[in-house]
Each structure stands twice: as C-alpha cells, then as structure tokens.
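Okay, structure first, notes after.
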Amino acid sequence: MSRTDAGEPFLQHHFATPEQQFEAGKIGMWLFLVTEILLFGGLFVGYGLMRSRNPAAFSEAHHHLDRILGLTNTVVLLVSSFTMVMAVHAARTDRRKRLVAFLALTLVFAGVFLGIKYIEYSHKFHEGLLPGKFYSHKGDTVPGQFQFFSFYFMMTGLHGIHILGGIGAILWVLRRSVQGHFSSRYYTPVDLVGLYWHLVDLIWIYLFPLLYLIS
Amino acid sequence: MSSDLSQTQHHGGPKLYAGVLAALLVLTAITVTASYVDFGSPAVNVVIALAIASIKASLVALYFMHLRYDKPLLSIIFVGGLFFLGLLLMLTMIDAGTRASVPYWNSKPPAGGPAAR
Amino acid sequence: MAEGTNYLTETRGLKSWLFTVDHKRIGVMYFWSIMTALFLGGVFAMLVRIELLTPRQTIMSAETYNRMFTLHGAVMVFLVLIPSIAATLGNFVLPLMLGAKDVAFPRLNLASYWIYVAGALFGLYSMIAGGIETGWTFYTPYSTSAGGGVTPMVLAAFILGFSSIFTGINFIATIHKLRAPGLTWFKMPLFVWGMYATSIIQVLATPILGITLILLLMERMFQIGIFDARLGGDPLLFQHFFWFYSHPVVYIMILPGMAIMSEVIPVFSRKTIFGYKAIAFSSIAIAVVGFFVWGHHMFVSGQSPLAGAIFSFLTFLVAIPSAIKVFNWLATMYKGSISLEAPMLYAISFLLLFAIGGLTGLFLGSIATDVHLHDTYFVVAHFHFVMFGGTVIAFLAGIHYWWPKMFGRMYSEKWARVSAVLVFVGFNLTFIPQFIMGSRGMPRRYYNYLPQFQPMHVASTIGSWVLGLGFLIMAGYLFASLRKPYDAPSNPWGGATLEWETASPPITHNFETTPAVTHGPYDYAALRSDA
Amino acid sequence: MNWLRSLLLPAQGSAYASEYDTLFLFITLLSAFFFLLIAATAGWFVWRYRRAREQAPTSMVTQSLALELTWTLIPLAIVMGIFFWSLNQYVGASVAPGDAMEIQVTAKKWLWAFEYQNGTRTVNEVHIPVGKPVKFVMSSEDVIHSFFVPSMRLKQDVLPNRYTELWFTPTTTGMHTLLCAEYCGRSHSDMLGKIWVDDDATFQKWLEEGDESTRTMPLKELGKMLYESRGCSTCHSIDGTRGDGPSLRNVFAHDIKLADGKTVIADANYIRESILEPQAKIVLGYEPIMPTFQGLLREREILALIEFIRSLN
C-alpha cells in the first residue's frame with residue numbers, strides 16, 4: 001500500500017482524505033452488521049415459528065435454564081458495551097492510556113461472559129439437555145423439548161462464536177493501541193470494532209428474554 | 001481542511017454513556033420482573049419482553065453506536081436491514097398461521113355444489 | 001494504444017497476480033475462474049441433454065443423471081451466474097466509471113476472490129465425496145436424508161455467500177464514497193445504478209442463505225427438528241428461507257445484465273439513454289420488491305392459499321419495472337444511429353430473449369396457471385430464458401464491449417457476429433421446445449420420460465450442440481485476440497463514460513489524474529465537440 | 001384457437017381444465033402480442049436508424065413523462081387483470097365440494113398407494129367415476145412428492161406428516177396419467193400412476209370385484225402386469241442388474257444369503273413373506289427400505305407375482 005502523505009500514515013492511496021476513508025469504513029462496517037443481523041434473524045424467525053408450533057414444550061424446557069446466570073451475563077455484556085464505548089471515546093480524545101485500560105476491561109468482561117457461559121453449558125451437558133438427537137434428559141412431561149435446546153445451543157453458540165471473534169478483534173486493536181497507532185486523527189479500527197461489539201451486545205439483548213424469560 | 005475527526009463528529013461523552021448504561025440496567029430489571037407477572041396471555045408477555053428489548057437495543061444503537069450523531073445513511077442501512085428481516089418474519093408467519101386445507105375465505109363450502117365458488 | 005506499462009504489465013509473476021489488490025486484476029482473475037466454471041457447467045448441461053435424447057437410458061444411469069443436473073444447477077447458479085457480471089465486469093469497470101483509483105476495500109475484494117476459489121473447490125470436492133443428487137435447491141427432507149456429498153456442497157454454497165457479501169459491501173461503499181468530483185448520483189452511468197441495486201440484494205439476502213444452510217447442516221448432523229416433519233419441524237420453512245434468498249438472487253443475476261444493456265444500447269445507438277431516472281429507479285424498485293415475491297415458488301407446496309394470493313399479487317408488481325426498462329431501451333434506439341457490432345447484436349438478442357423470459361413469467365406468477373406449470377419444463381425454459389437469455393447474453397455483450405478495455409486488444413468482429421448468431425439460434429432451438437413440453441405436462445428432473453416427448457427432446461439436444469458450437473467459436477477468437485499486440489484504441493465504440501477516457505488497458509491507478517466530470521454518461525454530442 | 005390449444009396443452013379431463021385453458025391461451029396471445037410488438041419495434045429501429053455515416057445526428061429527446069406513465073400504467077392494468085382472473089379461478093378450484101368422494105393417497109419412494117373409503121386399496125392405479133367430484137387426501141411417508149395430473153391441470157405437493165388435498169370432477173372416461181412432479185430421488189421419473197375414469201356402473205363393479213381383466217388373465221401375465229404397474233420395477237430388475245432391491249431373475253428356488261448370515265431357499269412362501277412383510281428377511285447387501293404390500297394386493301395377485309418370478313428362471 002503506497003502511503004502518499006507522511007502526515008497521514010494510515011491513509012490508503014485510493015482515498016483523498018481521512019474523512020473519506022473513515023466514512024467508507026463505517027458504511028462497510030454497518031453493511032456487515034446488517035448481514036450479521038439477518039444471519040441471526042433467520043434463527044429468530046425459525047425460533048418464532050417453532051415456538052408458536054410447540055409453545056408448551058418451549059415454556060417447559062426453558063425452566064432448565066438458570067435465570068440468575070442469564071441475568072448476570074446480560075449485565076456483564078451491557079457493562080462491557082459501556083467500557084467499549086468509553087474506549088472509543090478515549091481514542092477520539094487522544095487519551096491513549098485510558099484507551100488501553102478500557103479495551104482491557106472490555107476483554108475482562110468478555111472473558112467473564114464466556115466463563116459463565118461455560119458453567120451453563122457444562123450443566124446442560126451434564127443433564128443431557130442437548131440439541132437434536134443428543135437430547136437425553138429424562139422425565140420430561142411435555143414432548144419436543146429437544147427443539148428448544150436445539151435453538152438454545154444454536155443461538156447462544158453462534159453468539160458465543162461472535163464473542164470469540166470480538167475478543168480477537170479487541171486484542172488486535174489493543175495491540176495497536178499499545179503501539180500507539182491511534183489518535184484523534186485516526187481511530188477507525190477502534191470505532192469499527194466498537195460497533196461490532198455493540199452489535200453482539202444488541203443481539204444478546206433479544207436472546208436473554210426469548211430464551212430465559214418465557215413465562 | 002482539518003483532518004482531526006473529533007472536530008467533525010459529536011458523540012456525547014462519559015456522562016451520557018453512564019446514563020445510557022444505567023437506563024439499560026433498569027430496563028433489564030424491568031423485563032425480568034415483568035416475566036413473573038401474569039398478563040392474562042403468554043402473548044402479552046412476549047410482546048412486553050420484546051418491546052423492552054427493542055427500547056434497549058435502540059439505546060445501544062443510538063448512543064453506543066452513535067447512530068444519533070452519524071450521517072443518516074448509516075441509520076438507513078440499519079433500519080433497512082431490520083425491515084427486510086421483518087418482511088421474512090411477517091410473510092412466513094402469514095403462511096404458517098393461515099395454513100389449513102380449506103382457505104379462510106371459503107371455510108363453508110355450499111353443500112352439494114359441483115364447484116364451490 | 002498503450003505505450004509504457006499498464007495494469008497487466010506493471011508487475012510480473014504469479015505472486016503479483018495472486019496477491020494483487022488491484023480491482024482490475026481481481027476482475028480478470030474472477031473472469032477466468034468464472035469462465036472455467038461456465039465451461040464445466042456447460043459440459044454438465046451437454047451431458048444432461050445427450051442423456052435425454054432417448055426416453056430411457058442413453059449414456060448414463062439414473063443416479064449419474066441426477067448428479068449431473070444437480071451439478072449443472074449448482075455450478076451455474078453459485079459459481080457462474082451470481083458472481084458473473086458483478087465480480088468480473090463490475091469489479092473491473094465500476095471504479096473506472098466512478099473515476100476512482102480502486103474499490104473502497106481492496107483487500108476485502110481480494111479476500112472475496114479467494115473465498116470464491118475456496119468455495120468452488122469445496123463444490124468440486126462434493127463430486128468426489130459421494131456426489132450430490134438433491135438438485136441445487138437442497139429441498140428438505142430429501143437433502144437431510146440423502147447420502148453423499150451434500151455436506152461439502154452446502155458448505156461450498158455457504159462459503160460462496162461470503163464472497164458475494166464482500167463484493168456487495170465493497171461496491172456500496174465505493175459508490176457512496178469514491179465518486180470523482182462532479183459525479184453526482186444522477187450523472188452516474190446506469191451500470192453503476194444496476195451494480196448498486198445488485199449489491200443491496202447481495203448484502204441483504206445472502207445472510208439468510210447462510211443461516212438456512214447452517215440449519216440444514218444441523219438438521220443433517222444433529223436432527224434438531226426444524227425442517228424434518230417427523231421431528232416436529234416444517235419442511236416448508238426451509239422453502240421459505242431458501243427462496244427468501246434464492247428469489248432475490250435471480251435479481252442479483254439479472255440486474256447486472258440490465259445494467260450492461262443500459263450501457264451498450266445507448267453507445268451503439270449514439271443516443272442519450274431514454275428515461276434515465278426511470279431506469280435507475282426501476283433498478284432500485286426491482287431490488288426492493290424482489291424481496292416480496294419468493295412465495296411464488298411455493299404455490300403448490302402446501303403453502304396457505306392466502307399467502308399464495310399475496311405472493312402472486314406482489315409478483316405481478318415486480319414485473320412492471322422490468323417492462324419499463326425494456327420500453328426505455330427501445331425508445332433509446334428510436335432515431336438513433338445504430339451500429340450492429342457484436343455487443344449490440346447481443347443486446348438485441350437480450351431484448352428478444354428477455355422479453356420471452358419475462359412474458360412467460362406471467363404464466364408462472366399467475367397462481368392458477370402456475371399450478372399446472374410448476375416443476376415442469378415450462379419453468380426450466382422460463383428461467384433459462386431469463387438466466388441465459390438475460391444474464392449470460394448480457395454478460396457476453398459486456399465481455400465484447402469491455403474486452404478492448406480489459407485486455408487492450410480487439411477481437412475478430414466477423415467471428416464474433418457468427419458466434420452471436422449461433423448462440424441465439426442454438427439457445428432458442430434448445431429451450432423453445434421445452435416450453436411446449438412443459439405446458440404439455442413434462443415434469444422437470446426426469447430421467448425417463450413418456451415417449452411422446454422424444455421429438456422435442458431431440459430438437460432441444462440438437463439446439464444445445466449449436467449453442468456449444470457458438471461458445472467454442474467465441475473461445476477461439478477471444479483467445480486468438482490475446483496473442484496479438486495491443487491494438488485497441490482507448491475508446492473504440494465512442495462511449496461517453498469515464499472508463500473510456502483512460503488508456504486500453506488502463507494504468508494501474510486507472511487515471512493519470514483524477515478525472516473531473518463535465519458531461520453526462522450518455523452525452524455523445526459533448527464527446528463529439530470535445531474531439 | 002383449437003390448434004394452438006392442442007399444440008400447447010394436453011387433452012382436457014375436466015371442466016376446470018377447459019377454464020384453465022382459456023386463461024392460459026389468453027396469456028399466451030397477450031404475450032405473443034407484446035413479444036411481436038417489442039421484436040418488430042426493435043427490428044424496425046435497427047433497420048430504419050442503422051448507422052449510415054459516422055457523424056449522423058441523433059435525436060436529443062431523453063425523456064417523456066407521458067410515455068413513462070403509458071408504459072407503466074398499461075402493463076400494470078393488464079397484469080392486475082390477469083391477477084384477479086387467475087385468483088378467482090384458483091379460489092374456485094381450491095375447495096372441494098362437500099359430497100366429493102374421498103380417496104386417501106400415500107406417496108412413498110417410489111409409488112402411489114390409494115385407499116378407498118370401503119377399504120379397497122390399490123397401488124399406482126386408481127379408478128374413479130366420471131362426472132363426480134373426487135378428492136384426494138394425500139400424505140407422504142418419506143420425502144416431498146407432488147401429485148400431478150396434466151389432463152386436469154392440477155398439481156399438489158405431498159408432504160410428510162401433513163395432509164394436503166386435491167380434487168377434480170372428471171368429465172371424460174379413459175386413462176389419465178399421474179406423475180410425480182417434485183424431485184424425490186433415483187426413480188422419481190418412474191413414479192407414475194394411472195387414473196382410470198370409468199362410467200358409474202363399471203366403477204361400482206370394479207370397486208366391488210376388482211378388474212375384469214385381472215380376474216381372467218393368466219397368472220403369469222397378470223404377474224408381469226402387476227410387476228410393472230405396482231412399483232416393483234422401480235427397485236427390482238428382471239434382467240439381473242442391481243437396483244435398490246435385488247433383481248428377480250434366477251431367484252425362485254435358489255439359495256438366498258440374508259443379512260443376518262442365514263441362507264434360505266426362495267420358495268413361494270419366502271416370496272409371499274417378502275411382499276407382505278419385507279423387513280422380516282433382508283437380503284445380504286441391501287437396505288431394509290421396501291414398503292409392505294399388506295392389504296394392497298389380492299390373494300390372486302400375490303399368486304400371480306410368485307408365478308411371474310418363477311418364470312424368470
């Protein structure tokens with residue numbers, strides 16, 4: 001990549017100004033986020049249809065989920081979103097130490113989230129509350145509960161994969177932050193990773209009531 | 001032209017973000033509480049839960065994701081995506097909800113007629 | 001004529017191609033890859049046609065036949081038609097038309113190409129991993145119970161989806177942010193509008209395919225109970241999901257074709273396009289309304305009659321913007337100065353074939369008539385008229401139109417015309433009999449058929465040979481042109497869009513200086529006075 | 001118009017088919033008109049405005065709202081007309097009259113099984129009375145199939161775990177072809193059936209006593225006919241080639257190796273059991289996929305099949 005302007009080390013050659021590059025990046029990121037929403041959206045539609053075909057099984061099955069753990073994870077993720085936006089703010093206002101600190105905090109919360117998810121998953125594995133043909137829970141009164149767990153694992157699993165992806169992305173911007181790449185003149189990667197992280201949070205905001213809070 | 005991006009964008013600050021976080025936590029508490037209340041029909045609970053979730057999602061999108069301060073194009077992209085997802089949900093549900101061997105507009109065929117019209 | 005270096009010669013060696021971020025080189029790599037896939041898909045098609053020469057076994061067993069038509073469909077849809085115009089000509093021409101140095105995200109563009117290659121390899125792997133015989137539509141529960149290479153082929157389609165999404169994201173961002181100074185939205189060439197509409201669909205529809213294929217694989221591996229009726233699932237949900245993607249995909253294929261028409265017709269008529277805004281907005285309208293109509297693939301599937309009625313209504317609405325385009329193209333030719341060189345010959349072919357494809361769509365959008373015609377050869381003929389008569393013919397028009405720009409050489413005009421006529425005749429001979437067979441009740445995907453249909457099958461097979469001959473000739477003169485020295489002028493056809501202002505082939509950064517847009521994309525009078 | 005109808009469409013088997021054909025031909029003529037309009041206009045322009053010299057002046061007109069509206073609104077009006085006509089026809093055809101005779105249909109790879117309300121069961125062949133509405137209530141045992149009767153212009157997918165319906169009132173006696181229109185695997189194109197429309201008396205007699213011909217036909221001939229019409233031939237060859245099931249050539253009175261390691265002699269009782277309880281003894285190297293024909297064949301028909309298989313030695 002030829003760098004045309006020594007004053008703008010991260011300006012790619014085919015852009016005229018940093019603004020143009022920043023805005024193009026944002027458009028690209030938002031389009032990507034939309035594809036993510038639709039990807040999850042397909043699962044939501046499938047969930048909606050299966051739940052309306054089989055409401056009793058879904059309602060019965062969700063009692064096997066631990067609301068406290070789900071609630072904790074919701075709070076953890078919301079707070080991590082807050083630390084992320086603070087990191088972006090720090091980058092924009094040229095506070096590099098705060099940027100590094102908030103990114104690191106976000107990583108910690110992401111780790112906590114996955115830790116809690118691990119506890120939940122191992123509990124489900126133990127009880128045989130597994131998707132599809134692996135479902136082996138005994139003593140069900142309502143048939144078809146495996147469907148709920150199919151969706152539970154697919155939705156939280158896909159979400160978990162996105163958390164892992166987010167951790168990778170945050171590690172990448174964290175490394176670049178430590179190297180001092182970002183400033184108020186150039187913080188596009190921080191901003192875009194932030195957007196991605198908020199989307200992961202946003203999807204969980206829907207997953208939590210749909211999976212844990214069926215009344 | 002200044003290339004300092006912070007000059008051209010206003011995104012709010014820590015105080016606003018903390019306020020949004022507080023609102024999100026309160027709404028989370030409300031949604032958990034609401035799930036214990038019997039509103040007469042499970043459908044009402046679903047609607048309430050989804051409505052609160054949507055408020056929370058809007059807060060995240062507007063403030064954490066800066067949509068409120070960004071160019072409208074980004075909001076159009078976001079809302080556009082939701083629109084097409086809604087379309088998939090709606091038309092699929094219309095099919096699933098009205099699937100019967102006899103269409104609703106003619107559920108009582110005239111007895112004995114050769115062609116029920 | 002190009003002096004000095006151009007994008008083809010500036011750097012050399014395999015690595016300089018495989019890791020290039022130059023949109024033009026990526027476009028060229030896509031071009032050769034897609035041509036290879038087209039050749040493969042074409043061979044499968046010829047074999048299918050030969051098998052159908054007789055009502056019983058001709059050259060292959062029923063299993064082989066089923067694999068053959070599945071591969072033909074999957075290769076043509078996922079490896080050829082979806083990326084065809086957008087990834088090759090779109091990649092090459094779009095930044096040039098905008099006066100940009102590259103697309104917005106060059107590395108993403110390269111990633112898109114390599115993902116395409118990876119997907120294609122997965123698809124080919126499914127051939128040796130037991131073969132796949134589900135049809136390219138992967139309908140459940142057949143696809144969840146069938147053995148063989150279903151899993152790799154489904155993964156291939158999933159991977160290819162990312163390639164498509166990346167191209168779409170790239171184009172939208174490019175069109176928004178990288179237009180040359182003075183190039184306002186309504187001064188953009190209509191090709192760009194078409195690409196914009198296409199990209200919208202690629203971004204919005206493809207993720208649903210992704211999740212559908214994931215669910216299909218989950219159902220196959222874990223029996224999660226979403227599509228399998230025996231487990232409480234709903235096979236129609238798969239069809240809804242699948243067609244939510246796969247109907248808009250038809251517009252991913254045809255919109256770029258229409259976009260090429262909107263360039264070729266005015267240039268070869270030397271006349272400003274008629275109804276610029278009508279054509280531009282109809283592209284967007286097609287992109288949006290195209291999402292509302294998927295259920296017309298499901299009129300006899302057991303879908304509710306109410307949903308069927310709604311989808312039929314919406315289907316008729318989406319017919320209108322296509323009609324508007326056709327009439328505007330015709331009006332563009334009126335009082336023009338028309339020259340029938342190869343690109344224009346293909347454009348005229350497109351007008352005729354697409355008209356037939358569109359009009360026969362009326363039979364299929366209309367809910368009562370569709371019941372009889374659904375899943376017959378009528379449908380096969382209809383979508384070949386749109387996909388081949390539309391997309392592929394427009395692709396050929398575009399290749400002939402931009403060939404001098406891409407490779408800096410002129411091809412033999414005489415042989416190009418011979419080939420264009422053979423393709424047109426061969427195509428019609430192949431598919432018109434299929435309309436008649438279909439409406440007479442010949443179902444598709446039939447290995448054995450009732451003897452009464454044999455004469456029409458024979459005609460159709462002979463047509464496929466004529467068509468194949470046309471393509472062979474085309475390959476011949478196109479390859480021959482590449483052996484010549486650069487001989488293409490920078491603007492051989494007298495086009496007024498920006499890509500004709502730079503050399504043929506262009507330099508690596510497209511333009512010596514960023515062009516300022518002073519005249520409209522179809523302002524041939526201004527071009528003449530400049531000259 | 002009759003020549004066009006008979007060129008494009010199969011024979012009509014019901015009043016609905018003739019209604020259908022009217023709409024079909026209307027759209028055909030409309031399409032032909034618009035196609036010729038487009039083709040003639042394009043051809044005329046290409047010839048009339050061909051480029052004679054390089055710098056020929058061209059029209060500067062670039063838009064006309066009136067024209068745009070014309071070619072938007074007229075096609076819109078036409079397609080809306082087709083939509084309502086078509087919808088009306090579809091609604092009329094979608095609900096079976098209350099007195100329709102019901103026949104249960106089970107589709108499976110790769111045959112059609114029918115059951116009448118009096119318990120009569122047939123495979124790949126169904127008799128119905130002329131002039132009376134008949135309703136098929138259909139379901140699949142495996143994948144999706146589609147019940148397609150071209151002469152009635154009707155088609156309906158047949159789904160597992162669900163009932164779908166299709167009805168018509170046949171107006172002409174004779175044989176109507178039934179095809180499977182949804183791709184269902186290797187023998188999809190052999191999943192054919194025959195719908196015999198009989199006059200009332202013949203139908204009643206058939207329902208009570210079965211086919212006249214099958215009662216008098218020699219056993220071996222009857223067996224061959226059943227082998228071809230009841231779906232046996234989709235899996236079992238008679239020339240020794242391997243299908244989804246073992247070939248029937250040189251089977252009778254031969255030793256058969258079973259999947260469980262035992263060997264049996266294929267005598268009449270073995271064949272009878274294999275038809276009625278196909279899962280009881282599985283031949284080595286084959287999947288247990290054959291459906292049972294219990295209740296689908298009369299005693300004489302089973303005898304005929306055994307006789308036919310014996311003749312293949």
Side-chain angles (χ1 to χ4, degrees), chain A residues 7-8 11 17-19 22-23 26-27 29-31 33-35 37-38 40-42 44-45 48-49 51-53 55 59 67 71 74-75 78-79 81-82 84-86 88-89 92-94 183-188 191 194-195 197-199 201-203 205-206 208-210 212-215, chain B residues 1-9 11-14 17-18 20-21 24-25 27-29 31-32 34-39 42 44-46 48-50 52-54 56-57 59-61 63-67 70-71 73-78 80-82 84-86 88-89 92-93 96-97:
Chain A
E8 300 292 348
L11 180 64
T17 64
E19 284 83 6
F22 182 61
E23 284 171 12
K26 274 200 137 175
I27 291 174
M29 191 64 197
W30 271 101
L31 289 167
L33 296 186
V34 162
T35 67
I37 290 171
L38 284 157
F40 274 97
F44 280 107
V45 174
L49 202 80
R51 182 169 161 184
S52 65
R53 279 166 84 96
S59 173
R67 282 192 177 192
L71 177 63
T74 307
V75 173
L78 288 175
V79 174
S81 233
F82 169 75
M84 189 71 221
V85 77
M86 290 302 288
V88 175
H89 183 74
R92 194 171 53 233
T93 48
D94 277 322
S183 67
S184 57
R185 292 160 72 85
Y186 175 72
Y187 63 97
T188 314
D191 199 69
L195 286 177
W197 190 254
H198 297 311
L199 184 88
D201 182 24
L202 202 141
I203 287 164
I205 286 175
Y206 283 93
F208 174 57
L210 285 178
Y212 290 81
L213 301 182
I214 303 175
S215 30
Chain B
M1 187 176 10
S2 161
S3 59
D4 185 350
L5 298 178
S6 63
Q7 304 281 305
T8 54
Q9 319 253 339
H11 291 88
Y17 297 147
V20 172
L21 176 64
L24 288 171
L25 294 176
L27 285 166
T28 306
T31 191
V32 174
S35 75
Y36 289 101
V37 182
D38 184 1
F39 291 100
V44 180
N45 282 78
V46 176
I48 288 175
L50 287 181
I52 296 176
S54 298
K56 287 165 71 180
L59 286 176
V60 172
Y63 295 100
F64 285 179
M65 300 170 95
H66 331 303
L67 273 187
D70 272 330
K71 295 206 166 141
L73 173 66
L74 302 182
S75 302
I76 293 170
I77 293 173
F78 181 56
L82 294 180
F84 284 99
L85 180 59
L88 172 65
L89 180 67
T92 308
M93 285 296 184

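All heavy atoms count here, side chains included; hydrogens, waters and symmetry mates do not. Throughout, protein chains are lettered first and strands after them, A, B, ... in sequence-line order, and every chain is numbered starting at 1. Just so you know, these numbers come straight off a predicted model, no measurement behind them.
- Not a single donor-acceptor pair under 3.5 Å links the side chain of B/Asn45 to the backbone N or O of B/Asp38.
- In this structure A/Ser183 satisfies the side-chain contact (heavy atoms from CB on, under 4.5 Å) test together with A/Asp94, A/Arg96, A/Arg185, sequence neighbours excluded.
- Residues A/Leu202 and B/Met65 approach most closely at CD1-SD, 4.0 Å, considering heavy atoms.
- Contact annotation for B/Leu21: only side-chain heavy atoms (C-beta onward) come within less than 4.5 Å of a heavy atom of chain A.
- Heavy-atom pairs under 4.5 Å with chain A peak, among B/Leu89, B/Ile77, B/Thr28, at B/Ile77.
- For A/Val34, the part lying near chain B is the side chain, with the backbone staying farther off; criterion is any non-hydrogen pair under 4.5 Å.
- Put simply, of B/Ala49, B/Gly81, B/Ala29, B/Pro14, the one with the most heavy-atom pairs under 4.5 Å next to chain A is B/Pro14.
- Proximity to chain A is limited to the side chain of B/Leu67, based on heavy atoms less than 4.5 angstrom apart.
- Between A/Tyr187 and A/Phe22, the ring planes lie tilted relative to each other; the angle falls in the 30° to 60° range.
- Only the side chain of A/Leu210 has a heavy atom closer than 4.5 Å to any heavy atom of chain B.
- In this structure, the portion of A/Leu71 lying under 4.5 Å from any heavy atom of chain B is its side chain and not its backbone.
- Between the A/Ser59 side chain and the A/Pro55 main chain, no donor and acceptor come within less than 3.5 Å of each other.
- When each of B/Leu73, B/Leu25, B/Val20 is scored by its heavy-atom pairs under 4.5 Å with chain A, the top score falls to B/Leu25.
- Every ring pair (Phe, Tyr, Trp, His ring centres under 6.0 Å) that A/Tyr212 has, sequence neighbours left out, goes to A/Phe208.
- Contact annotation for A/Ser81: both backbone and side-chain heavy atoms come within less than 4.5 Å of a heavy atom of chain B.
- Panel note: side chain B/Ser54, backbone B/Leu50; a donor-acceptor pair is recorded below 3.5 Å.
- For A/Leu33, the part sitting under 4.5 Å from any heavy atom of chain B is the side chain, from C-beta outward, and nothing else.
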